[in-house]
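Quick notes on the structure that follows.
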2 protein chains.
Amino acid sequence: MSKSQINQIHNNIDRVIHEPVRLAILKILTSAKEVDFNFLLTTLGVTKGNLATHIKSLETADFIEVKKEFRGKIPHTSYRITRTGRRRFQKYWENLKALAPE
Amino acid sequence: MSKSQINQIHNNIDRVIHEPVRLAILKILTSAKEVDFNFLLTTLGVTKGNLATHIKSLETADFIEVKKEFRGKIPHTSYRITRTGRRRFQKYWENLKALAPE
DNA sequence: AAAAACCAGTTTTTGATACAAACCAATTAT
DNA sequence: ATAATTGGTTTGTATCAAAAACTGGTTTTT
């Protein structure tokens, strides 16, 4: 691998995806077609504030879409990965593999 | 994949390795048996201060070892990956793969 | 010989952000 | 009534990646 190739790769890692909690969220959303806030909360074992922040950054970057509805009288929020999100998640891994050990 | 499995994984990502510049450094050091500061500097395209900081964190965590010598009158610093560093780099990737897309 | 420029890094500062704590508004249980 | 739960948001803090500034020399220029 040449110098310029390595340079390209570490600069092309998408920081929005790269954060472990967001990686885990995207992983979950590639398997399940839709999950809600509480599922993510208990699955990931993070605090609510932390989760909300990660979700917002994924939403802002258009990786996920947010659906808000009422179930009876209780608000309920669920998430799906977007088509572009899925594509960029795949692409992220292709890039990342170039940094795997020999 | 179960909830607890996903939780384990995103918590077990080694943050020292996970940073892209350090990933790239470790990748380089798994291929070349020894490289110097300037090689890393030009290869990675980062600033000196930034590189020094990343190197220190890798050294502190015992991933790499640092050799300082004089070449003529000019100081020269080079780096190798340690045995434990190589092992932990491998392990990191095994863990990480669990978060790859389906 | 003095100054300027360069080399090989280290130390310090700054800006961004991951994370947690506290809060809020509504609902449901005791 | 009030305590606990749900489903979050807002605010504060602590970490750390990145850049800038600095150090202690060496080499080159004038």
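Within every chain, numbering begins at 1; the chains are lettered A, B, ... in the order of the sequence lines, protein sequences first and strands thereafter. Because the structure is predicted, anything quoted here is derived from the model rather than measured.
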Dump the pairs, protein N or O against N or O of nucleotides 14-18 of chain D, anything under 3.5 Å, distances to one decimal.
from	atom 1	to	atom 2	distance (Å)
D:dA17	OP1	B:Arg22	NH2	3.1
D:dA17	OP2	B:Arg22	NH1	3.0
D:dA18	OP1	A:Arg15	NH2	2.9
D:dA18	OP2	B:Glu19	OE2	3.4
D:dA18	OP2	B:Asn50	ND2	3.4
D:dA18	OP2	B:His54	NE2	3.0
D:dA18	O5'	B:Asn50	ND2	3.4

Quick one: is C:dC7 close enough that its OP1 or OP2 comes under 4.0 Å of any side-chain N or O from B:Lys48? no

Check whether any side-chain heavy atom of B:Ile25 lies under 4.5 Å from a side-chain heavy atom of B:Leu58, and answer yes or no. yes

Distance in angstrom units between [X] [atom1] and [N] [atom2], rounded:
X       : N      : atom1 : atom2 : value
A:Phe70 : C:dT27 : CZ    : C1'   : 12 Å
A:His76 : C:dT27 : NE2   : C1'   : 15 Å
A:Ile55 : D:dG7  : CD1   : C1'   : 11 Å
B:Ile13 : C:dC19 : CD1   : C1'   : 16 Å
B:Leu41 : D:dA19 : CG    : C1'   : 13 Å
A:Asn38 : D:dG7  : CG    : P     : 5 Å
A:His18 : C:dT17 : NE2   : C1'   : 15 Å
A:Asp14 : C:dT17 : CG    : P     : 12 Å

Using the salt bridge (charged side-chain N to carboxylate O under 4.0 Å, His left out) criterion, which residues pair with B:Lys56? Sequence neighbours excluded. none

Salt bridge (charged side-chain N to carboxylate O under 4.0 Å, His left out) involving A:Arg83 - partner list, sequence neighbours excluded: none

Qualifying residues under side chain to side chain contact (heavy atoms under 4.5 Å, CB included), relative to [X], sequence neighbours excluded:
X       : value
A:Lys68 : A:Val66, A:Thr77
B:Asp36 : B:Asn38, B:Phe39, B:His76, B:Ser78
A:Lys97 : none

For DNA chain D, what are the stems built from at least three Watson-Crick or G-U pairs in a row, each pair having both distances below 3.5 Å? C:1-30 with D:1-30

Rounded at 0.5 Å granularity, tell me how far CD1 in B:Ile17 sits from CG in B:Leu96. 10.0 Å

Got a sec, which pairs hit side chain to side chain donor-acceptor pair (under 3.5 Å) with one end in residues 57-66 of chain B, sequence neighbours left out? B:Arg22-B:Ser57

Any pair with a residue in residues 84-93 of chain B that passes side chain to side chain donor-acceptor pair (under 3.5 Å), sequence neighbours left out, goes on the list, sorted by first then second residue, please. B:His18-B:Tyr92

Answer with base, sugar-phosphate or nothing: what part of the nucleic acid does B:Lys73 contact at a heavy-atom distance below 4.0 Å? sugar-phosphate

